[in-house]
Colleague: 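Here you go, one structure.
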2 protein chains.
Amino acid sequence: MSRAKAAVKKRAYHHGDLRDQLVAAAEAIILERGVEGFTLREAARRAGVSPAAPAHHFKDAKGLLGEVALRGFRDFGEALDAGDRRGGDDPYRRLMEQGNAYVNFALKHPARFQLMFAHGKYDITYPGLAETGDKAFRVLERAVRAAYAANPGDDLSPDAYGYLMAVWSIVHGFAHLTLGGEFDWAARQRGGGKDTILKHFLPLTLKHLPLPSR
Amino acid sequence: MSRAKAAVKKRAYHHGDLRDQLVAAAEAIILERGVEGFTLREAARRAGVSPAAPAHHFKDAKGLLGEVALRGFRDFGEALDAGDRRGGDDPYRRLMEQGNAYVNFALKHPARFQLMFAHGKYDITYPGLAETGDKAFRVLERAVRAAYAANPGDDLSPDAYGYLMAVWSIVHGFAHLTLGGEFDWAARQRGGGKDTILKHFLPLTLKHLPLPSR
DNA sequence: TAGCTTATCTGTACAACGTTAAGATGGAGT
DNA sequence: ACTCCATCTTAACGTTGTACAGATAAGCTA
């Protein structure tokens, strides 16, 4: 009997799949109760193990959330990359598609996104996390480099930096404010929820995305 | 001997100024340890009272933080209003000044700002909070109304809504990302901290603030 | 001034949390 | 068959938020 099979059998002393199931439980808890509602003991309870069991897979509670954040940044980076590719050759379209992907990811995976930018909640020194986060961020930088025709390795021009920050700010701000419910009045006007925001108000907003000056 | 005077004397059974000092302690804790590091007991300790004392002034821990958030939104609204007035008659300048005020407030009062947008940390039903928050955000709406020449009471046009959300997103995103340390690479490049971001990178970013189409 | 009322604070207690230490279990490799 | 050791449990400790009963003193009424 394999380890994974043993996991479905109840009360096996050795869980067999605890690490992954702790991550899954953590994501579920954050989704249900918000980042604030997460507790390590609850995650252990859902996985059917004692409160001390997670210590054998993660340094502490913030370590487990570090793994959740890492997986979030990995998928996030891939989503941005897919958006970038959808943009083809046009620098503006590449940035526009990335912006759409950015907000779409946030609204499709609110638990992950909220955690990823909830500083202090997870261990930022978790192995691989910094690299994975940087990788995601560099997808955006790459598109800005192309838009400003910067050679690889060269520093971006001040204006290119400003543009990079402006684009990042507008999509991140929109995602953060939407998840925070600050645009609920807008959704209520159209009688819808997240879908309305994504399909109706995001395009309305992103059409004001600044154009790269070169 | 007045109540306030009694407060400085040590170990008076009745504190005399507990409510305000709990708020001050809470802000100090958040500033030092981040929103995550706040505990009610620590606030009580700093005010020199027992852990049960705050209950007579606030329903619970989230109630105290609700008061902190309320005071934050009050000052925030006033800062935005001052910016709006600095903008004079020019709609774009009004919005630009408000944007500057928005980010400046966030960087000058990081503890308050982080708390204000930390959903789940404070009691959103705290008396007066919703009204104070709405009031602050209506300062921005008012300027957009002027820019789009909307009559008071009328609904904004879809494009005006989109513009409102875009402007709000870009300044909020910039503030949130800066406080989260996401622009540290930029500050490091210029060898500075928050001041560098405020004085150098904010103008560079806000110059991409979209213009109202009418 | 004396007595009563009430707001404010203390002391104690409890459940839940994160984390650690010591011991139990059983799969994997020799 | 035997040993090793990763994995899990049980038990315990200190900290947290909060409830409850009682202590204190400030303010009001007479």
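All values below were derived from every heavy atom in this structure, side-chain atoms included, with hydrogens, water molecules and symmetry-related copies excluded. Convention: sequence-line order gives letters A, B, ...; per-chain numbering from 1.
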Colleague: For the CG atom of D184(B) and the OG1 atom of T196(B), what is their distance to the nearest 0.5 Å?
Modeller: 10.5 Å

Colleague: Rounded to the nearest angstrom, tell me the gap between atom CD in E36(B) and atom P in dG17(D).
Modeller: 12 Å

Colleague: Closest to the V49(A) side chain: dT20(C), dT19(C), dT9(D)?
Modeller: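 Among the listed nucleotides, the one closest to the side chain of V49(A) is dT9(D).
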
Colleague: Of the options dT18(D), dT16(D), dT9(D), whose atoms approach the side-chain atoms of T39(B) most closely?
Modeller: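 Nearest to the side-chain atoms of T39(B), counting from C-beta on, is dT16(D).
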
Colleague: State plainly whether the residues R71(B) and E27(B) are in salt-bridge range, i.e. N to O under 4.0 Å.
Modeller: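 No.
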
Colleague: For L18(B) and dA25(D), give me the distance from atom CG to atom P, rounded to whole Å.
Modeller: 16 Å

Colleague: To the nearest Å, give me how far apart CG (D17(B)) and P (dT8(C)) are.
Modeller: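 In whole Å, dT8(C) P and D17(B) CG are 12 Å from each other.
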
Colleague: Could you tell me whether a side-chain N or O of K62(A) sits under 3.5 Å from a main-chain N or O of Y126(A), the two making a donor and an acceptor?
Modeller: no

Colleague: With a 4.0 Å limit, can you tell me whether H57(A) has a side-chain N or O closer than that to the phosphate oxygens OP1/OP2 of dA6(D)?
Modeller: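 No, because none of the side-chain N or O atoms of H57(A) sits under 4.0 Å from OP1 or OP2 of dA6(D).
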
Colleague: Let's see if you can work this out: which of dT9(D), dT10(C), dT19(C) has an atom nearest to the side-chain heavy atoms of S50(B)?
Modeller: dT10(C)

Colleague: Would you say H56(A) places a side-chain N or O within less than 4.0 Å of OP1 or OP2 belonging to dT9(D)?
Modeller: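 Indeed not, no polar side-chain atom of H56(A) lies that close.
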
Colleague: Expressed as a whole number of angstroms, how long is the span from R41(B):CZ to dA13(C):P?
Modeller: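 Value for this atom pair: 14 Å.
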
Colleague: How long is the line joining CZ of F58(A) and P of dT20(C), in whole Å?
Modeller: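 Roughly 16 Å, once rounded to whole Å.
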
Colleague: How long is the line joining CD of Q21(A) and C1' of dT7(D), in whole Å?
Modeller: 15 Å

Colleague: Calculate the interatomic distance between K62(A) atom NZ and dG18(C) atom P; express it in whole Å.
Modeller: 11 Å

Colleague: Can you tell me the distance, in whole Å, between the CG atom of L40(A) and the C1' atom of dT19(C)?
Modeller: 9 Å

Colleague: At under 4.0 Å, does any side-chain N or O of R45(B) touch on OP1 or OP2 of dT16(D)?
Modeller: yes

Colleague: Less than 4.0 Å between a side-chain N and a carboxylate O, is that true for E42(B) and R33(B)?
Modeller: yes

Colleague: Would you indicate what A61(A) reaches in the nucleic acid, counting non-hydrogen atoms under 4.0 angstrom: base, sugar-phosphate, or nothing?
Modeller: sugar-phosphate

Colleague: Say you draw a straight line from NZ of K199(A) to CG of L204(A); how long is it, rounded to the nearest 0.5 Å?
Modeller: 15.5 Å

